[in-house]
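Quick caveat: nothing in here was measured; it's all calculated off a predicted structure. Only this structure's heavy atoms are used, side chains among them; waters, hydrogens and symmetry mates stay out.
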Amino acid sequence: MESQDGITVQRALELPGLRAGLPEVVAGADRLNRTVRWVHAGEVPNIASLLKGGELLLTTGLGLGTRPAEQRAFVRALAERGIAALVVELGPRFDRLPATLVETAGAAGLPLVQLHREVPFVTVTEEVHTEIVNGHYALLRRAEEVHRRCTEALLDGGGVPQVLRILADFAANPVFLETAEGRLLYAAAPAAGPASAPAAADPLQIWEGLRGQRAARAAGPPAGAVLVDVPGGGHGSGAVRARLVLPAVSAPLLPVHRMAAERAAGILAVVLMQARQDEELAARGRGDFLTDLAGGRIRAEDAPAQARVLGFRPGDGPLLPVVMRLASELAPSGNWALLARAVLEELSSVGVPVLLGVRPVEGRVPLLLGLRSDGERTAVADRVATALRAGVERAGLERPGAQPPVVVVGVPGNWAAASAGLRHAAETATAAQGLTDLPWYDARRLDIDLLLWRLRDHPDLAAFVDRAIGPLRAHDRTARPALLPTLEVFLAHAGRKAETARELHLNRQTLYNRLARIAELLGTDLDDPQTVLALSLALRARRHAP
C-alpha cells in the first residue's frame with residue numbers, strides 16, 4: 001500500500017524486473033514498507049550527495065570502496081540522506097556482500113538487498129517508475145470520484161454537511177470544518193465503521209479532544225491529521241475562509257485522503273462564497289425593508305404582510321425598534337453576512353421574534369423585536385445589546401482605537417409607531433457616537449444630543465460653543481491643570497461640590513480654587529441656573545462643533 005507518493009520497497013521487489021534478479025534482503029527487513037519516490041542507478045563513491053531522499057539506489061558496488069571504513073562511510077551517508085533502500089547486484093565486484101556493509105546497514109536501519117542474478121537496471125527503473133505513475137493516477141481517480149460525488153450532492157440540493165459526510169465516509173474518519181480562527185462550523189462522522197472505533201462516537205466529543213491540542217497546533221497539525229485550507233479569494237486575513245480538519249481517529253490517513261480533501265475544499269469555497277452572498281443579500285433585503293418602513297415608504301397597514309414574507313411574525317404585542325451603528329471606519333470593509341449570522345445566532349437566546357437587517361452604506365444594523373408587553377423593554381434591551389456586541393466581536397469588527405458600536409433602543413409601539421421609532425433610533429445612533437460608552441442608549445434620553453447633532457452644520461452652533469466655553473478651551477491648550485474636565489464633572493453632579501471633589505479625588509479647597517478660576521475665565525456665575533444650562537449644552541454640542 002502506498003504511504004506517501006510512491007510505492008513501497010516491498011512492492012518494488014515484487015515487480016518482474018527485480019524479482020528476476022533473485023533479490024535477497026540482508027539488512028533492514030523490517031523497513032520494507034518505506035516509500036520509493038524514485039529509482040536511481042550509480043557507481044560513484046559520493047553518490048549520496050546527488051540524491052534527495054526516498055530513492056531506490058541500484059549499483060554493482062564499484063563505488064562502495066575496498067576498505068571497511070570506506071564501505072561504512074558509504075552506507076552511513078546513504079542512510080543519512082534518507083534513501084528508501086540500497087540494491088547491490090552481485091557479480092565482478094562482489095560475489096557476496098561484505099559483512100561490514102550488512103552490519104552498517106542494519107545498524108543504520110537501511111534496507112540492503114543483494115541480487116544474485118544480473119538484471120537490466122533500465123528495465124527496473126521503467127517498471128518502478130511506471131508503478132509510481134500508475135499509483136498516482138489511481139490516487140487521482142479515487143480523489144476525482146469523491147469530487148464527482150460532492151458535486152452531485154450539491155446539484156441535488158445538498159450543502160456543506162453533505163460534502164463533509166461524503167469526505168468522512170471516504171476517509172473512514174470524522175471531518176470538521178472550522179473557521180480560520182479555529183471555531184467549529186460543521187462536523188461529520190463516517191456513516192459506518194468498526195463498532196469499537198472512536199469515529200462511531202459523537203464527532204463533537206472528538207472535536208472537544210482536538211481543542212485540547214489547539215495550543216500545539218501552531219507547531220503543526222496533530223500526528224497523522226490532514227489540514228486543508230478552504231480559500232477565501234482575498235488577501236491577507238481574507239485568503240483563508242475556513243479549514244478542513246481530518247484527524248486520524250479510526251484509520252490512518254493516506255495521500256489520497258489529502259487529495260480528496262483538497263478537492264472538497266475547492267467545492268466548499270464556492271459553497272461558502274455563495275452562502276455568504278445569499279446571506280448578505282437576504283440581510284440587505286431586510287435592511288431595505290426596515291429603512292423603507294422608517295422612511296414612510298411602506299404604509300403601516302401593509303407592513304405586517306411584507307414582514308411575514310421576510311419571516312417576522314411578532315404576534316399582537318408591541319414592537320421594539322433598535323438600531324446599532326458601527327464606527328465609520330469599520331462599515332465599508334465589514335463582513336456583513338458574517339455579522340448578520342453571528343448576531344442572529346446570539347439573539348436566538350433572547351426568546352423574542354426578531355427581524356434584523358443590515359445597511360452597509362450607513363454602517364447600521366436596524367432591528368424590530370416583538371415584545372409580549374411594554375414591561376419587557378428594559379430586560380429585552382439588555383439582552384439584545386449584549387447579543388449585538390457579541391455578534392460584532394465574532395464577526396471580527398472590533399479594532400483597537402475604533403469607536404465601540406452604538407446601540408440605541410426606541411419606544412415600543414404598533415406598526416405605525418415603529419416607522420417613526422426606527423427613524424428616530426437611527427438618527428440618535430449617529431448623534432450618540434462619541435458619547436461615554438454604554439451598553440445601550442435610551443432614545444428618549446438623547447433628544448438634546450439629537451437636536452444638537454441636527455444643528456452640526458449651522459454656524460450658530462459653533463459660535464454658541466465658542467462664546468460659552470471658548471476661553472476655557474483656550475486655557476486648556478496652554479495651561480495645566482485642564483479645567484474642562486472639572487467643569488464637566490461639576491455639571492454632571494448638578495453643582496454638588498462634595499460629590500464632584502470625591503470623583504475628581506480633590507480636596508474641597510482645590511476644587512473651590514478651580515471653580516473660581518473657571519468662573520473668572522468665563523466671566524460668569526456657576527451658581528446661576530441659566531449659566532449652568534448654557535454650559536451644559538455647550539459641553540454636549542462641542543462634539544458636533546469642534
Side-chain angles (χ1 to χ4, degrees), residues 283 286-296 312 314 318-331 334 336 339-340 342-344 346-347 350 352-371 374-393 395 397-398 402-456 540-541 543-544:
R286 296 190 296 269
D288 291 344
F289 166 77
L290 292 171
T291 300
D292 287 343
L293 180 65
F312 183 55
L319 302 174
L320 181 65
V322 177
V323 173
M324 178 173 68
R325 174 71 183 260
L326 298 180
S328 57
E329 63 266 30
L330 299 180
W336 290 90
L339 174 63
V343 169
L344 285 172
E346 295 289 342
L347 287 172
V350 176
V352 297
V354 177
L355 179 63
L356 177 144
V358 298
R359 294 287 292 179
V361 174
E362 297 93 345
R364 290 202 307 263
V365 178
L367 304 88
L368 271 183
L369 299 104
L371 304 181
D374 290 348
E376 287 187 314
R377 178 179 183 263
T378 300
V380 170
D382 288 339
R383 299 176 69 183
V384 167
T386 299
L388 286 169
R389 289 173 175 257
V392 169
E393 181 179 358
L397 291 178
E398 284 190 333
Q403 291 183 338
V406 172
V407 179
V408 172
V409 179
V411 181
N414 56 20
W415 279 102
S419 174
L422 281 168
R423 183 169 60 254
H424 183 216
E427 286 188 323
T428 304
T430 302
Q433 288 188 306
L435 289 176
T436 302
D437 186 30
L438 295 176
W440 60 276
Y441 300 88
D442 189 333
R444 296 172 298 191
R445 299 176 62 86
L446 295 181
D447 281 342
I448 291 177
D449 293 277
L450 179 57
L451 177 61
L452 294 171
W453 174 77
R454 287 173 175 166
L455 295 172
R456 64 192 181 281
R540 297 174 81 164
R543 292 186 301 116
H544 311 301

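The closest side-chain heavy-atom distance from Phe312 to Val354 is not below 4.5 Å. For the pair Leu367/Leu355, no side-chain contact is recorded, criterion being any heavy-atom separation below 4.5 Å from C-beta on. Put simply, the side chain of Leu290 does not reach to within 4.5 Å of the side chain of Arg359, judged on heavy atoms. Side-chain atoms of Pro439 and Thr386, non-hydrogen and from C-beta on, never get closer than 4.5 Å to each other. Annotation: side chain of Leu339 is in contact with side chain of Val365 (closest heavy-atom distance under 4.5 Å). In this structure, the side chains of Trp440 and Val408 stay at 4.5 Å or more apart for every pair of heavy atoms. Between Val392 and Leu388 the shortest side-chain heavy-atom distance does not fall below 4.5 Å. A 4.5 Å side-chain heavy-atom check between Met324 and Arg364 finds every atom pair outside the cut-off.
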* Asked: For Leu320 and Leu368, what are the C-alpha separation, side-chain angles and deciding distance, and is it a side-chain contact (heavy atoms from CB on, under 4.5 Å)?
  -> CA-CA 6 Å; Leu320 181 65; Leu368 271 183; over 6 Å; no

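With hydrogens and angles ignored, the 3.5 Å screen pairs no side-chain donor or acceptor of Arg540 with any backbone N or O of Leu452. Judged by distance alone, the side chain of Thr428 and the main-chain N or O of Ala443 form no donor-acceptor pair under 3.5 Å. Although no hydrogens or angles enter the test, the distance criterion places a donor-acceptor pair under 3.5 Å between the side chain of Arg325 and the main chain of Glu362.
Across all non-hydrogen atoms, the minimal contact from Ala429 to Val323 is CB-CG1, 4.2 Å. Shortest non-hydrogen contact noted between Arg377 and Val411 is NE-CA, 4.3 Å. Nearest heavy atoms, Gly370 versus Pro314: CA-CB, 3.9 Å. Scanning all heavy atoms of the two residues, the minimum distance from Gly391 to Ala342 falls at O-CB, 3.8 Å. Taking each heavy atom of Leu450 and His424 in turn, the nearest pair found is CD2-CD2, 3.4 Å.
The distance from the CG atom of Leu422 to the CG atom of Leu319 is 9.0 Å, given to the nearest 0.5 Å. In this structure, Glu346 CD and Arg383 CZ are separated by 11.5 Å, a value rounded to the nearest 0.5 Å.
A salt bridge links Arg389 with Asp437; the closest basic N to acidic carboxylate O contact falls under 4.0 Å. Look at Arg454 and Glu427 and you find a salt bridge, because one of the NZ, NE, NH1 or NH2 atoms lies within 4.0 Å of a carboxylate O, short of that distance.
Applying side-chain contact (heavy atoms from CB on, under 4.5 Å) to Tyr441 and the options Val407, Leu435, Asp449, Val409 leaves one that passes, Leu435.
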